[in-house]
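Numbering starts at 1 and runs along the sequence shown. For the numbers below, each heavy atom of this structure counts, side chains included, while hydrogens, waters and symmetry mates do not.
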Amino acid sequence: MMRDNSGVVNYGGTTQISRSAIGHGASVAVSADREKGADQPRRTDVGVITVKGNEAGAVHKVLGLRRVPTGGLPFWEGEVNTRGNVVRVAAIRALAQGQRSTVVAFDHLRRHYNPAVVVLTGIAGGIDPELPIGDVVVTTRVVYYDLRKETPDGRRHRGDEKHAPAAIGHAVNSFFTDYGEPARLVGTDDDGVTHDYRVHTGPIGSGDAVIADAESEITKYLKAYNDKILAVDMEAGGLMQAFHEQDGPVAVDGWAVVRGISDDASQRKDDSRQNLAAYRAAMVLHSLLPYLSIDGG
């Protein structure tokens, strides 16, 4: 038996000691600034979540981000100079498609970068017949459609709609005030060809289904819920819920979604226009960034 020990005893395990002192009367002097910031992530203006590889690649290229592994996670970050504003950006690609990985990606950004705003950027299927492939949707309103009740008479969906905070709504409105509604942009696509396209605003639907039927039960439900719903995706519901349920001292102030239309969610759905849609979504995000710098800290 060991008595009156005043040191460190190790019986074969691994001990890591950092910013510590050992012995009677030992103390560690830590500056106030270091102590205050030891567990606080650095603040960025905008955090970006992507899901597919072409979405992530487009964001990295258009915004000029560099890879910076942080805590074993593959983050990309940079400072984007647009319209005379320097916007600090951190981006992460979610591990998988769907709502659950988006929730986790949101938390990774929050813990490591504490962004003022998080933007989900990438592709979606259009369900508005007037929304052509290659156009882009910017939204602060999401209808999660996968809440449902199974009954002998069939399935009954129960939509859950959430809005981003008013400050983000005003920021998006300011973008469309400056660019028009719908906004008309001219840009050089990833293939080097210059095209013009439109940017729309309106609600989108979100759930865990890949929709490839224009007459699907989900599409009919969403159009009955709100005939202004423009598109569908598989991640925005996770973003809105992660924001809604966040807690603790490190809090995100708002969220938005930028979706390039890659298909019409019908039987004709394929992957041939995904790269185009992802690139245009990244281009619109670049134009939107100065409006989303709502935190001056």
Side-chain angles (χ1 to χ4, degrees), residues 49-58 93-102 120-139 141-161 182 189-191 193 195-240 257-284:
I49 298 173
T50 57
V51 178
K52 299 175 72 68
N54 50 10
E55 298 171 348
R93 179 183 174 187
L95 182 63
Q97 285 183 288
Q99 317 290 342
R100 293 172 297 175
S101 280
T102 302
L120 177 65
T121 304
I123 64 174
I127 63 172
D128 185 320
E130 310 228 342
L131 192 64
I133 293 173
D135 275 10
V136 178
V137 173
V138 176
T139 189
R141 298 170 58 192
V142 175
V143 178
Y144 180 70
Y145 62 74
D146 255 342
L147 294 173
R148 60 188 182 269
K149 181 179 182 180
E150 301 287 343
T151 75
D153 298 324
R155 180 174 299 157
R156 297 179 184 175
H157 289 275
R158 295 171 173 173
D160 177 19
E161 181 174 0
D189 292 330
D190 200 23
D191 59 5
V193 179
H195 297 281
D196 63 302
Y197 55 94
R198 296 181 301 170
V199 184
H200 311 259
T201 186
I204 68 170
S206 188
D208 288 313
V210 176
I211 302 175
D213 179 6
E215 298 300 319
S216 75
E217 178 190 25
I218 293 170
T219 300
K220 290 178 179 178
Y221 167 76
L222 289 172
K223 289 181 177 179
Y225 183 94
N226 184 339
D227 62 356
K228 299 295 185 182
I229 291 177
L230 299 175
V232 288
D233 80 353
M234 296 176 61
E235 288 82 28
L239 172 64
M240 73 175 192
V257 179
V258 179
R259 288 306 201 192
I261 303 304
S262 61
D263 60 77
D264 62 0
S266 75
Q267 297 91 325
R268 296 183 296 274
K269 175 182 172 68
D270 62 30
D271 298 341
S272 63
R273 309 305 293 277
Q274 286 190 0
N275 289 346
L276 171 70
Y279 195 79
R280 287 186 180 174
M283 293 290 289
V284 171

[X] (side chain) donor-acceptor with [Y] (main chain) under 3.5 angstrom:
| X | Y | result |
| --- | --- | --- |
| S216 | A212 | no |
| R155 | E150 | no |
| T139 | G202 | yes |

Quick check: do [X] and [Y] have side-chain heavy atoms less than 4.5 Å from each other?
| X | Y | result |
| --- | --- | --- |
| N226 | R141 | yes |
| Y279 | D191 | no |
| L222 | V232 | yes |
| D213 | Q267 | yes |
| R156 | T151 | yes |
| D233 | L120 | yes |

Working note: Q99 + Y144, criterion side-chain hydrogen bond (donor to acceptor under 3.5 Å, both in side chains); need CA distance, chi angles, decisive distance, verdict. CA-CA 10 Å; Q99 317 290 342; Y144 180 70; 5.6 Å; no

R148 and D146 ion-paired at < 4.0 Å: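 Yes, this pair counts.
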
Does D189 come within less than 4.0 Å of R280, counting only side-chain N to carboxylate O?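 Salt bridge flag = yes for R280 with D189.
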
Between K52 and E235, is the salt bridge (Lys or Arg N to Asp or Glu O under 4.0 Å) condition met? List the steps. CA-CA 11 Å; K52 299 175 72 68; E235 288 82 28; over 6 Å; no

Atom CD of residue position E130 - does it have more than 12 heavy atoms of other residues, nucleotides or ligands inside 6.0 Å?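 No, CD of E130 has 12 or fewer neighbouring heavy atoms, counting only those of other groups under 6.0 Å.
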
More than 12 foreign heavy atoms under 6.0 Å from CG of L95: is that the case here?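 No.
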
